[in-house]
Amino acid sequence: MGFHLGIDVSTQSVKCIVIDTEDGTVPAESSVNFGRDLPSYHAPDGFRPNADPRIKQADPRMWLDGLELALEQLSASGFDLARIDGISGSGQQHGSVYCREEFSPLRPGRSLAEQIGPRLSRPVAPIWMDRSTATECRELDAAFGDRLQRDTGSPAIERFTGPQIRKFAREEPKAWRRTRRVHLVSSFLCSVLCGSDAPIDFGDGAGMNLLNLQTLQWDPAIVEFTAPDLMAKLPPAVPSATVAGGLDGWFRRFGLRPGIPVVVWSGDNPNSLVGTGAATPGLAGISLGTSDTFFAPMRVFKTDPQGCGHVFGNPAGGFMSLICFTNGSLAREAIRRELTVNWEFFDRDALEQSSAGNGGRLMLPYFEPESTPPVPRPGVRRNYTQATPAEEIRAILESQALSLRLHSSWQGERFRRIRLTGGASKSTGFRQILADVFQAQIETIQVTNSAGLGAAFRAANAVEQMSFERLSDRFCRPQEITHPDPANAELYQEMLKQFRDFEAAAQQA
Ligand code: XUL
């Protein structure tokens with residue numbers, strides 16, 4: 001029994017969470033928001049503004065400054081970080097970081113950004129929101145056809161790392177030649193903690209279009225096609241319970257003990273699967289974050305015939321599904337701003353002032369290019385012309401719930417219980433809509449940062465051999481349960497068909 005630290009580096013923030021596995025409590029937490037706390041990076045939403053809306057890049061030094069600040073705040077919270085026995089982390093998925101040197105022990109007296117920044121062979125990292133790799137995806141699909149999805153779990157996906165790497169190697173061949181190591185956000189930050197290059201875990205590695213999920217090794221032919229000499233630049237791919245190394249002495253400044261085990265980091269979605277307690281079959285999870293995601297453990301390896309859903313490694317063993325809807329909270333926030341209403345109205349009053357089905361109003365809220373279904377250009381579509389603010393809000397929420405249901409149906413499972421996490425999970429109105437659309441029980445847990453919690457679980461699992469079942473028993477007991485209203489089952493079943501047709505027509509237009 002002990003204390004474990006989970007660090008979540010997401011699109012917009014760095015969050016730390018300490019768990020006490022003995023009594024199932026969270027004795028310390030901290031949070032840093034890039035836009036608010038690190039304004040000098042000019043990345044209010046976690047990426048640098050770019051004239052081309054398809055390009056979304058972040059400065060890795062911003063993540064390093066965020067990490068330092070979040071650890072500083074954690075140690076200032078009064079909890080003695082010397083008590084921590086293990087660390088792991090969670091990174092926003094798919095982004096790629098290019099390093100000109102291999103990692104070596106950190107030098108005391110200099111900030112992380114100061115010493116690691118100059119070791120990057122590319123000053124920016126494309127992140128998961130980037131949509132500028134359509135050409136590379138076409139080439140990958142042409143070269144490998146169906147095998148790409150069959151073996152890597154996904155067809156070529158614009159936001160995935162392989163296409164990002166191919167584009168960089170082609171456009172900047174000199175910088176590519178100078179690159180010694182390509183990391184994911186997760187393995188990059190894990191390397192920082194260890195002061196040596198860390199491996200990539202199967203959970204996050206599966207989001208690259210490079211990992212063969214049949215062999216659980218980098219696929220030689222796909223890797224070779226993606227970029228010259230890429231195999232030599234990739235860290236090894238390993239199970240999620242692997243200890244990457246000991247904590248570098250640099251982190252002593254926060255009270256952390258040098259040498260404590262650092263467990264490989266994973267992506268935010270694999271971490272959220274375990275952090276919501278949904279890693280065992282039967283349950284599913286929905287995370288309402290910058291993007292909305294749907295994830296579930298898989299009983300058998302299966303791919304999405306539409307090509308929108310993915311298969312990743314489940315940190316608890318086997319595989320998981322993941323479906324990502326780029327226009328999650330960013331779209332809800334945009335509608336709220338357009339209507340100039342506060343969150344109280346958005347989350348509660350609006351849904352009391354409108355009714356289930358909303359007169360058939362549907363919205364495709366693509367404020368950003370969308371991943372599911374793939375929509376390359378932003379644009380909001382409505383099948384109605386008139387709506388009160390309350391009806392407009394219900395339209396986006398019902399449409400988002402219908403989209404989640406529609407695009408998760410390829411798994412062929414009837415999910416009766418869904419764990420809900422992320423900022424918008426506190427909206428009672430949205431919870432009811434999700435319960436009714438899925439006709440499933442929607443359960444929230446106390447900790448809303450499920451990615452950070454999942455990372456702390458993985459540390460405890462690898463270091464203390466504590467099972468995920470025990471951890472989720474201690475930390476993920478359902479807090480609030482929203483039951484579906486059976487009276488709305490037929491209504492939403494009908495609306496699901498209308499939504500499918502509306503979405504299909506919009507895609508053809
Ligand atoms: C998943 C995805 C997003 C990011 C967000 O495929 O692209 O959920 O992981 O951080």
Side-chain angles (χ1 to χ4, degrees), residues 7-15 34 43 45-47 56-58 63 66 89-97 125-133 137 149 152-164 184-189 200-211 265-273 275-276 285-296 303-304 307-315 319-331 368-375 400 403-404 407-408 421-424 449-452 454-455:
I7 305 172
D8 167 32
V9 180
S10 68
T11 318
Q12 307 197 47
S13 61
V14 179
K15 292 185 182 140
F34 300 129
D45 293 316
F47 51 84
K56 295 283 189 303
Q57 299 171 332
W63 302 328
S90 165
Q92 50 170 306
Q93 292 201 254
H94 316 305
S96 43
V97 188
I127 64 163
W128 65 277
M129 296 174 84
D130 194 273
R131 288 291 175 285
S132 64
T133 61
C137 287
Q149 186 182 27
T152 72
S154 307
I157 298 289
E158 287 188 33
R159 69 184 191 284
F160 276 28
T161 327
Q164 290 175 6
L184 289 178
V185 180
S186 58
S187 63
F188 171 69
L189 290 156
I200 289 179
D201 90 307
F202 297 153
D204 213 8
M208 298 173 80
N209 276 144
L210 295 172
L211 186 70
W265 286 38
S266 187
D268 49 1
N269 293 296
N271 277 302
S272 285
L273 182 79
T276 49
I286 292 177
S287 165
L288 303 172
T290 305
S291 63
D292 289 344
T293 56
F294 184 102
F295 44 83
T303 54
D304 175 8
C308 296
H310 314 293
V311 184
F312 295 159
N314 176 348
F319 297 102
M320 64 178 281
S321 62
L322 185 278
I323 307 136
C324 174
F325 303 81
T326 308
N327 287 277
S329 284
L330 285 180
E368 290 286 337
E370 179 51 64
S371 329
T372 309
V375 178
Q400 287 185 324
S403 189
L404 279 157
H407 294 289
S408 57
T421 175
N449 174 16
S450 57

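In listed order, ligands and their atoms are each counted from 1. Position 1 is the first residue of the sequence, and the numbers go up from there. The figures that follow rest on heavy atoms only: side chains count, while hydrogens, waters and symmetry mates do not.
With respect to Gln93, the side chain to side chain contact (heavy atoms under 4.5 Å, CB included) criterion is satisfied by exactly one of Ser291, Ser186, Cys324, Pro270: Pro270.
Atoms of ligand 1 lying under 4.0 Å from any heavy atom of Thr293, numbered from 1 in the order shown and given with element: 8 (O). The atoms of ligand 1 that sit less than 4.0 Å from any heavy atom of Cys324 are 1 (C), 2 (C), 3 (C), 6 (O), 7 (O), 8 (O). Atom numbering of ligand 1 starts at 1 in the shown order; those under 4.0 Å from a heavy atom of Gln92 are 10 (O). With ligand atoms numbered from 1 in the order given, ligand 1 contributes 1 (C), 6 (O) to contacts under 4.0 Å with heavy atoms of Leu322.
Using a 4.0 Å cutoff on heavy atoms, Ser291 counts as a contact of ligand 1.
The backbone N or O of Pro155 sits less than 3.5 Å from a side-chain atom of Asn209, completing a donor-acceptor pair.
Between Trp63 and Phe188, the ring-plane angle classifies as perpendicular under the 30° and 60° cut-offs. Taking the six-membered ring where tryptophan is involved, the planes of Phe312 and Phe160 are tilted, since the angle between them lies from 30° to 60°.
The closest non-hydrogen atom to atom 1 (C) of ligand 1, taken over Asn269, Thr290, Val185, comes from Asn269.
What sits closest to atom 10 (O) of ligand 1 on the protein, heavy atoms only, is Asp268 OD2, 2.4 Å. For atom 7 (O) of ligand 1, the nearest non-hydrogen atom of the protein is Arg159 NE, 2.8 Å.
Only the side chain of His94 comes within 4.0 Å of ligand 1, judged by heavy-atom distances. Contact annotation: for Thr326 versus ligand 1, there are no heavy atoms closer than 4.0 Å.
For the 3.5 Å distance criterion, the side chains of Arg159 and Thr326 fail to qualify, holding no donor opposite an acceptor. Judged purely by distance below 3.5 Å, without hydrogens or angles, the side chains of Thr11 and Trp128 pair a donor atom with an acceptor atom.
Lys15 is linked by a salt bridge (charged side-chain N to carboxylate O under 4.0 Å, His left out) to nothing, counting only residues two or more places apart in sequence or in another chain.
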